[in-house]
Engineer: 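Below is one structure. I have some questions about it.
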Amino acid sequence: MTLQAKETLVGVFILSGLAALVWLTLFVGNWAALTGGAGYRVTAKFENIGGLTVKSPVTLAGVTIGRVSSISSDREDYSAIVTLSIDQNYNNLPADSTAAILTAGLLGAQYIGVVPGAEVDYLKEGDSIYITQSALVLEQLIGELLFSRAGAQ
Amino acid sequence: MLVALNSVDFAYAETPVYESLDLNIPRGGITVIMGPSGCGKSTLLSLIGGRLQPRCGNVVVDDVDVQSLDKRGLYHLRRRMGMLFQFNALLSELSVFENIAFPIREHTDLPAELIDHLVKMKLEMVGLRGASRLMPSELSGGMARRVALARAVALDPVLVMYDEPFTGLDPISKGVIVQLIRELNDALGMSSIVVTQDVAEGLSIADYVFVFAAGEVIVEGTPEAVNASSRPDARQFLDGLPDGPVAYHYPASDYQVDLFQGEN
Amino acid sequence: MVRGLGRAGIAAIHHTGRGGMFLVSLVGGMGMMVRRPRLLVQQIYAVGVMTLPIILVAGLFVGMMLGLQGFNTLVGFGAESSLGMAVGLFLTRELGPVLTALLFAGRAGSALTAEIGLMRATQQLDAMEMMAVDPLPRVVVPRFLAGVIVMPLLAALFSVVGLFGGYLVGAVLLGVDGGTFWSSMHEGVDVVHDVLAGVFKSLVFGFVVTWVAVFEGYSAIPTTDGVSRATTRAVVTGSLAVLGLDYVLTAIMFSEV
């Protein structure tokens, strides 16, 4: 094989390798989560966040409008404080919207679903969502079920 | 003196090779170093080329103390030396042409045309100009050695060292190499050191001869003087006698005792 | 016997120490790569392009296996929609870098050791030194750099081919919805933590495997037996180092997640 041919193949090889890396980064990995455009931050408190993690999606009617940017614990009332980073494009969420922690499928990852309220004012940077629904914990559900059945009897 | 070894001590790990060796190799002409295997002849070439360091004493080449040189200085010195290795050591990924061009390209900035001329001249000297496109694996033993020779003299060195140049060649190739060493030495005005076990070939091209045994020089002089030596160890080597000062039998216990003990 | 073990241990440490000094001396030779890029290109061909076929085939098979095994396991939880994520994570985080490194050690690493070892045994390296050419920057450094550069590229190609293998088995053969496959992968594979972590791993592996391979070749005993033993040692040491480092790197990089 001539030197020309070898060098061409090396070029092809390197280009395809780089292309593979780029493809993996952009189209396989969650590039949007990394570069997430400017967003405004809103907090919400939950009794139990279940399996919610940082970078979990925040959805409105099923459309992803942002990500969870941080999770911390409130020292006073022992609840969880979740900070949502919502895309600027979705700045028309009524101030009395609610946030619930939902599960995608049976074993799926958990995410926050936002249900819009009715107020005229919109949520802005630094606001809080007051009405929240915590994650459903399986053990609690079973316990409730048993108690309710016992009660019925 | 071109090369001088002064009180050189050398040993490989535990095995001593030289003790207080003094050797002077004259400038110009072909100096042949002969001796039985294991007497340290190739080690001598490594000491001169700076690949090995003596424990004591020093090696002086062309008025330069080899041990005192740093790496750059050593490389500088080596550019004036050429070496033919025992198994040719041609660079297997390069063609004949590129092997000879290698030292020229690495050490000079000559334009490609000039390098082309130089390489062809060297190839013509060894009679292989038509083989320039072949790869080392395609060469016969004799041809490979001639290419290695051409490469060793590519930069017109001051000193050329030959490590067993006649070994493993058929009589014709041997004759070719003998002639080439002589011709190149005279035509290029170099000094040559030939380390060999081939007595006839060695004596035929030598201007001066050293015969080694057990790490020291036992005879030295012109080929005629050396060949006339009456020392038993020199005679055994020069005449190729199977038994003598170098014993035939490897040290062992008494034969009868060993045989009959073995039966039990 | 204990004494023998001790001696062997000290010899191993000595060998590793020489390897470290060898590595340091390679640094000095890097400058030549800028002046003679052709040497590097030739080695990338020998080490990268020539290893590519085996990487692509292996990647395809591994990806297909992941698709199958993943499906069989997840379907028991009714979670087969997450197959894409499972295949994507396994490939980018672990199997891509590790298996590529192991295959590389076996194919390219052994070739490097044998090639350099043979040059040592036939006195080609000595001849270069006598011609006042330092063999380290000329022979060793291009091969070393080529290995480091090539490894992440090969690992990425392995992962890409593997993903398609997983898609082939999971979506085309076993009926997982194609769109679900890719979207669950997209959701679950994080750029920094998974893809970049895998790239970092393969860079480290490339460094170690190639270093071991060229060092063993360079320091091989110049006989046929010496070269063959150096070659096996290079493959074994390189492979074990990859597996050991994989554990360490995984523990460091994935501990918080």
Engineer: Find the distance between OH (A/Y122) and OG (A/S97) and round it off to the nearest 0.5 Å.
Structural biologist: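 Nearest 0.5 Å value for the OH-OG distance: 10.0 Å.
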Engineer: How about residues 201-208 of chain C versus chain A: which residues have heavy atoms under 4.5 Å apart?
Structural biologist: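 No residue falls under the 4.5 Å cut-off.
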Engineer: Does one side chain, of A/Q110 or A/T103, offer a donor that lies under 3.5 Å from an acceptor on the other?
Structural biologist: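 A donor-acceptor contact under 3.5 Å links the two side chains.
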Engineer: For C/I149, which atoms come within 4.5 Å of any heavy atom of chain A: side chain, backbone, both, or neither?
Structural biologist: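 No part of it gets close to chain A.
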Engineer: At a heavy-atom separation under 4.5 Å, does C/I44 approach chain A through its side chain, its backbone, both, or neither?
Structural biologist: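 The answer is both parts of C/I44.
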Engineer: Please evaluate residues A/D87 and A/R67 with respect to the criterion salt bridge (Lys or Arg N to Asp or Glu O under 4.0 Å), reporting the C-alpha separation (whole Å), side-chain torsions for both, the decisive distance (0.1 Å), and the verdict.
Structural biologist: CA-CA 9 Å; A/D87 195 338; A/R67 301 249 156 211; over 6 Å; no
Engineer: Do you see a donor-acceptor pair shorter than 3.5 Å between the side chains of C/S110 and C/T113?
Structural biologist: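 Absent: no donor and acceptor within the cut-off.
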Engineer: Could you tell me whether the side chain of A/V68 reaches within less than 4.5 Å of the side chain of A/T83, counting heavy atoms only?
Structural biologist: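 A/T83 vs A/V68: side chains apart.
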Engineer: Does any heavy atom of chain C fall under 4.5 Å from the side chain of A/I14, the backbone, both, or neither of them?
Structural biologist: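 For A/I14, backbone and side chain are both near chain C.
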Engineer: Quiz question: by atom type and distance under 3.5 Å, do the side chains of A/T43 and A/S128 form a donor-acceptor pair?
Structural biologist: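 There is such a pair between these side chains.
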Engineer: Can you say whether the rings of C/F164 and A/W23 are parallel (under 30°), tilted (30 to 60°) or perpendicular (over 60°)?
Structural biologist: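 Aromatic pair C/F164/A/W23 classed parallel.
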Engineer: Below 4.5 Å from any heavy atom of chain A, which atoms of C/V161 appear? Answer side chain, backbone, both or neither.
Structural biologist: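 For C/V161, there is no contact with chain A at all, as no heavy atom is under 4.5 Å.
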Engineer: How about A/I112 and A/F46: do any of their side-chain heavy atoms sit closer than 4.5 Å?
Structural biologist: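 Heavy-atom side-chain distance check passes, below 4.5 Å.
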